[in-house]
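Shown next, in structure tokens, is the structure this report addresses.
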Amino acid sequence: MTKLSLSTLASASAKVLKPAYDPASVEIGIVHFGPGAFHRAHQAFYFDALLATDSRWGICAVSLKSPGVRDALGPQDGLYVLAQLDAETTFRVIGSIRETLVAPENPEAVFARLAAPATRVVSLTVTEKGYCLGGDGKLDLANTDIAHDLTDPRRPDSVIGYIVEGLRRRREAGLAPFTVISCDNLADNGHKLRDAVVAFAGKLDTGLADWIAAQTAFPRTMVDSITPATDDALRARVTAETGFDDAWPIQREAFVQWVVEDTLPKDGPDLASVGVTLTNDVAAFEGAKLRLLNGAHSTLAYVGLSRGYETVGDAMADAQLAGFVRDMMLEDIAPSLSTPPGLDIPTYVEAILGRFRNPEIRHLLAQIAWDGSKKLPFRILETAAEAVAADRPLNRLAVPIAAWIAFIAARAKAGTPPVDPLADKLMGLGAACTGGPEDVDAFLKLEAVFPPSLASDAGFSTAVKAAYATLVQA
Ligand code: CS2
């Protein structure tokens with residue numbers, strides 16, 4: 001079997017799509033933090049397409065913690081296979097990642113890239129928790145990584161610390177700032193990131209903070225493509241179909257979407273030419289996707305796991321659960337949305353449900369259940385808060401919240417902590433659960449998750465308690 005690399009690329013079987021450019025001759029114009037599966041399935045795919053016409057947009061992929069990506073992709077010259085799963089699956093070698101760095105091993109190499117004149121864009125997929133925000137959506141100065149980075153800004157742990165030091169060096173060198181593109185599922189991701197970066201910089205140097213606030217664009221984005229984690233079945237299939245031994249192939253559904261606020265620099269990457277939607281109304285797209293798709297996903301995850309299902313497909317095969325999720329989307333979430341131009345919500349909802357049923361995809365509910373304390377606020381709680389304000393019913397929206405509490409309680413009882421930045425705290429709360437309404441009261445006190453105004457709303461807590469009682473009995 002052939003190890004995938006630049007020198008073996010030409011031997012790929014004819015059905016494998018290959019980069020339409022010479023990966024060895026591209027320039028690095030993008031620094032990306034968090035090169036996990038989603039980045040490699042999504043942004044790296046778009047930049048791979050763009051490189052066919054503009055060689056300035058190779059990616060330097062920076063891992064903030066683990067060397068896993070560098071160790072896998074380094075020996076294969078950054079190449080990997082992307083499987084796009086549909087009735088007909090396509091296999092494509094992605095060549096846009098031209099360098100892989102592990103930040104803690106060599107922060108200076110990261111700073112050198114950030115401060116290089118050719119670097120015009122810094123993008124991020126660091127998940128919700130990577131932004132180090134508190135329950136109020138602002139930079140959490142008590143976060144351990146942030147507290148560390150403020151005392152040792154030349155050896156940061158957080159992505160915020162890297163961005164600020166990178167911008168500081170550019171300012172010092174008389175260079176324009178880079179554009180910072182958040183690609184995580186956070187409501188209002190660009191503004192939240194800008195505010196966090198400016199707040200951090202302000203603690204070190206107010207002149208720098210002012211310069212960043214005045215000169216740096218942080219476009220808001222919506223990203224979408226269902227990307228199940230790599231599993232052995234994918235590895236075997238990639239080997240069989242492509243003939244390559246690839247240390248870390250990636251899979252996703254064929255559907256892919258990227259909506260970016262139209263504030264990219266004029267001579268920056270021409271994302272529109274590769275199918276990215278540039279608009280001044282990202283909020284509408286983002287709200288629809290985050291609340292409908294991700295809200296439904298988290299609901300399927302927590303309710304589905306409590307019913308013993310393993311994958312999104314299994315949960316969708318439960319007609320009662322699939323019907324519940326559709327009703328929730330159409331009746332409870334849709335009224336909270338400002339509709340993006342040209343988007344028909346019922347059609348969008350059916351398309352999402354169809355994607356969840358894609359028989360080619362095995363998407364583990366356990367993967368979606370990760371980091372619930374950071375995901376639920378954007379996916380469900382903002383919708384619930386708006387429902388409270390507008391006096392709309394809460395009974396269905398309360399179900400994913402109750403199911404999350406029941407999920408944490410079950411994990412605590414089993415002694416298996418959830419993957420969640422609040423895991424310790426959640427294990428304590430879960431262990432104390434008795435199955436009664438006081439469990440809900442205890443969880444609603446978590447200010448990092450539930451805004452006090454929502455937690456103290458009697459209608460909201462009553463609805464969550466009613467949903468919890470039903471789940472616990474079931
Ligand atoms: C999922 C998302 O893991 C999760 O929490 O809801 O990753 C989802 O698959 C993507 O946002 C789809 O674009």
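First listed ligand is number 1; within each ligand, the first listed atom is number 1.
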Are the aromatic ring centres of F356 and H363 under 6.0 angstrom apart?
no
Tell me the nearest of H297, K374, E253, K289 to atom 6 (O) of ligand 1, using heavy-atom distances.
H297
Closest to atom 4 (C) of ligand 1 (heavy atoms only, candidates K375, Q367, Q257) is K375
Please report the shortest heavy-atom distance between I408 and F443, naming the atom on each side.
CG2-CZ, 3.8 Å
Within 4.0 Å of some non-hydrogen atom of N185, the atoms of ligand 1 are 11 (O)
Cationic N near anionic O, under 4.0 Å, R362 to E310
yes
Counting heavy atoms only, which of L300, I226, N294, L365 comes nearest to atom 2 (C) of ligand 1?
N294
Output the list of atoms in ligand 1 that are nearer than 4.0 Å to some heavy atom of D224, sorted by atom number.
12 (C), 13 (O)
Could you tell me whether S225 approaches ligand 1 through its side chain, its backbone, both or neither, with non-hydrogen atoms closer than 4.0 Å?
backbone
Side-chain donor-acceptor pair under 3.5 Å between S461 and D441, yes or no?
no
Under-4.0 Å heavy-atom contact with ligand 1, by part of R379 that carries it
side chain
Where do R357 and A322 come nearest, in terms of heavy atoms and distance?
NH2-CB, 4.2 Å
Are D420 and R411 within salt-bridge range, i.e. N to O under 4.0 Å?
no
Can you list the ligand 1 atoms lying under 4.0 Å from a non-hydrogen atom of H363?
9 (O)
